Amino acid sequence: MPDARKGEVVTRFPPEPNGYLHIGHAKAAVIDYEYARMYDGIFILRFDDTNPVNEKKEFYDAQKEDLKWLGIEWDKEYRTSDNLPKHYELAKELLERGCAYICTCSEEEIRKNRRLGKECACRNRKEQPWDEFFKMKEGEAVLRLKGDMKSQNTAMRDPILFRIIDHPHPIHGTRFRVWPTYDFYGAIEDSLSGITHPFRTKEYELRDEVYFYILDCLDLRKPHLMEFSRLSIKGMPVSKRKLKPLVEKKLVWGWDDPRLPTLRGLARRGILAEAIKEFVLLQGISKSESVVVFENLEAVNRKLLDGMAKRLFFVPEPVKVIVENAPEREAVLKYHPSINMGERKVETKGMFYIPASDASKFEKGSKFRLKDLYNVVVLEKNDVIKGEYAGDELLQIPKIQWVTEEHYEMEVVIPLLPFKNGEFDENSLKITKGYVEKNIDEIKHGEIVQFERFGFVRIEKDGKTRGIKAHD
RNA sequence: GCUCCCGUGGUGUAGCCCGGCCAAUCAUUUCGGCCUUUCGAGCCGAAGACUCGGGUUCAAAUCCCGACGGGAGCACCA
């Protein structure tokens, strides 16, 4: 990172408390956090809550929870809204220095003049009384930066710095009604709070000029702004515009639906915080826009999960198998093939269930092995498979998972990509019914296990037991 | 439309600022093999890329120009 010295780096993550955090936020937060750590610096959490219409009280805490879940810790935390008096002070100074003006043009006029590159009369008015601004009604006036109405960069055509919003703020109530815009507070806060390396996503690039111009006008320190591209996952948009309707129309379970890229959704699905971090860091801070496929996240997650998930037998779409001459045995099954996580015991007689997908491949004479038990040869195959015990010797035959009559019925939901060709896919949540061994009782709510040859599944136990498949 | 940004294998990325050590890094993916009482993990191997066209140079993925492609901005939202 340019101009970065150990111990002198300060970064920040500035979410607006208007919703739950998603993987896009995670990218920003992780990058901010990791860079601060890398340089033994300071990482600040700043709530950019300057639009009272958007902010909701619950999200301040919700976002903090999401960050904690991610394993991110911050050294300082504050709200931009708390600094409004300072912002007013600086705005007044801007006015006095002739760098800003109060504009009473209508929204449409402002837009039109911007397009035309034309200055309005307000801009050159002699008196620019800051106090008068506070007496105006919402929509009547705004504070604008005296930029350059002819600039190639339209962001520089006198951007709005403050506007009046008569709406109670979740923290401050009706204490303020004049609120700064992103252009203003973004620059001011970064500078004042000592941020050395603020990161932001590429769509703000055109606003860099405004950012530095404002700081110049006020003789404030200029941080080293950096941009990176937004993270987008194919078939999994993060924008509130696309997600909110799904939640509102109840097309998904809620903001924590396992199909969604919200941190809560991903967590519920069984994606580990550590996987998200690694995945995000893998993308780096390049400016080239990329569409990542979800499989990349899965791959990272799978490797982490492999070393910590207990193995269990789950039989989707069970088919009954009756084994003749079956020895009655107690099978001892390890919870993990290579790490000692204990074992469980299963009493077996002559009746089993195996997955239909395996059963369909067998015909009379086929041999298979009930994994960790013994071999079976197929004698007859109808709706039920009749077979016979065929020895204990380990052979090169399919080893398949099984349950006995002692089992639970269980549903596993399989989340797919929520969007297909830009449209919500109604069939994005599949449900597989099957039988699971009773040892599922040993698994805690929220634990992630591997159902062998089925996939990694997060177990939920609220009322009934159900599984949510993370991925294969 | 105008302005800005971006363009390395199927996907993501390193390298580009400071041209040569790049017959291009790492991961994922796919395919083989090994290992394994899971179609998981691990190990080994293979496949696969500098958008195109000019220019500068002894030498270009790297610098310059142009084209094409993608994205963003043109909000009193961030």
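Numbers restart at 1 for each chain; the letters A, B, ... are given by sequence-line order, proteins then strands. Since this is a predicted model, take the numbers as computed values, not measurements.
Judged by closest nucleotide on RNA chain B, S288(A) is the one of S288(A) and L370(A) placed further toward the 5' end. Comparing D392(A) and F456(A), the nucleotide of RNA chain B nearest to each residue sits closer to the 5' end for D392(A).
Protein atom CG of L304(A) is 15 Å distant from nucleotide atom C1' of G42(B), rounded to whole Å. Distance OH (Y182(A)) to P (G73(B)): 13 Å, rounded to an integer number of Å. Following rounding to the nearest Å, K234(A) (NZ) and G10(B) (C1') show an atom-to-atom distance of 11 Å. For the pair F228(A) CZ and A14(B) P, the interatomic distance rounds to 14 Å; values are reported in whole Å. Distance K202(A) NZ to G73(B) P: 11 Å, rounded to the nearest Å. A78(B) atom C1' lies 15 Å from atom CH2 of W179(A), rounded to whole Å. What separates CD of E227(A) from C1' of C5(B) is a distance of 9 Å, to the nearest Å. In this structure, L206(A) places its CG atom 9 Å from P of C4(B), rounding to the nearest Å.
Contacts of V291(A) with the nucleic acid, taken as non-hydrogen atoms under 4.0 Å apart, involve only primed sugar atoms and P, OP1 or OP2. Among the protein residues, Q283(A) comes within range of the sugar-phosphate backbone only, with heavy atoms under 4.0 Å from sugar or phosphate atoms but none that close to a base. Residue A155(A) is classed as having no contact, given no heavy-atom separation below 4.0 Å to the nucleic acid.
OP1 or OP2 of U13(B) lies within a sub-4.0 Å distance of a side-chain N or O belonging to S286(A). The side chain of S290(A) contributes an N or O atom lying less than 4.0 Å from OP1 or OP2 of U13(B). For C76(B), the OP1/OP2 oxygens have a side-chain nitrogen or oxygen of R114(A) closer than 4.0 Å. Remark: T181(A) is not in phosphate contact with A78(B), judged by side-chain N or O atoms under 4.0 Å from OP1 or OP2. At the phosphate of A78(B), OP1 or OP2 sits under 4.0 Å from a side-chain N or O atom of R163(A).
To the nearest 0.5 Å, atom OH of residue Y101(A) and atom CD of residue Q128(A) are 9.0 Å apart. To the nearest 0.5 Å, atom CD1 of residue I214(A) and atom CG of residue L94(A) are 7.0 Å apart. With rounding to the nearest 0.5 Å, the separation of CE in M38(A) from OH in Y33(A) is 12.0 Å.
Separation of the P atoms belonging to U25(B) and G10(B) is 16 Å when rounded to the nearest angstrom. The same atom, C1', is picked in G42(B) and in A72(B); the two are 43 Å apart, to the nearest Å. Atom name C1', nucleotides C50(B) and C44(B): the rounded distance is 28 Å, in whole Å. Across C18(B) and C63(B), the matching C1' atoms stand 11 Å from one another, rounded to whole Å. Taking atom C1' on both nucleotides, G9(B) is separated from A14(B) by 14 Å, rounded to a whole Å. When the C1' atom is compared between G70(B) and U30(B), the two are found 26 Å apart, to the nearest whole Å. Atom name P, nucleotides C16(B) and A61(B): the rounded distance is 14 Å, in whole Å. Spacing of C1' atoms, G53(B) relative to C68(B), comes out at 10 Å, to the nearest Å.
Counting only heavy atoms from C-beta on, V292(A) has its side chain closest to G12(B) among G12(B), A41(B), C77(B). Side chain of R311(A), nearest nucleotide from A75(B), G40(B), U37(B): G40(B). The listed nucleotides are U3(B), U37(B), C77(B); the one nearest the side chain of R369(A) is U37(B). Nearest to the side chain of K399(A), among A78(B), U38(B), C76(B), sits U38(B). Set against U38(B), U3(B), C76(B), the side chain of P337(A) has U38(B) as its closest nucleotide.
The partner of U3(B) is A72(B), judged by Watson-Crick or G-U wobble contacts that both fall below 3.5 Å. Pair assignment for C17(B): none, as no Watson-Crick or G-U wobble contacts are both less than 3.5 Å. When both distances must be under 3.5 Å, the Watson-Crick or G-U wobble mate of C31(B) is G45(B). Remark: U38(B) base-pairs with no nucleotide in the shown strands. Criterion, Watson-Crick or G-U wobble with two distances under 3.5 Å. Here G53(B) sits opposite C65(B) as a Watson-Crick or G-U wobble pair (both hydrogen-bonding atom distances under 3.5 Å). Pairing for A23(B) is absent, with no Watson-Crick or G-U wobble pair whose two atom distances lie under 3.5 Å.
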- Message: Pair T348(A), W402(A) - check side-chain contact (heavy atoms from CB on, under 4.5 Å), show working.
- Response: CA-CA 10 Å; T348(A) 72; W402(A) 48 271; 3.8 Å; yes
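Taking only distance into account, the side chain of E295(A) never meets the base of U11(B) through a donor-acceptor pair shorter than 3.5 Å. The base of A78(B) is paired with the side chain of Y204(A) by a donor and an acceptor separated by under 3.5 Å. Remark: the E289(A) side chain and the G70(B) base include a donor-acceptor N/O pair separated by less than 3.5 Å.
Annotation: K92(A), atom NZ; neighbour count of heavy atoms from other residues, nucleotides and ligands within 6.0 Å does not exceed 12. Heavy atoms of other residues, nucleotides or ligands lying less than 6.0 angstrom from NZ of K64(A) number more than 12.
Partner of R12(A) under the salt bridge (Lys or Arg N to Asp or Glu O under 4.0 Å) criterion, chosen from D32(A), D48(A), D190(A): D190(A).
The two residues L206(A) and N153(A) come nearest to each other via the heavy atoms O-ND2, 2.8 Å.
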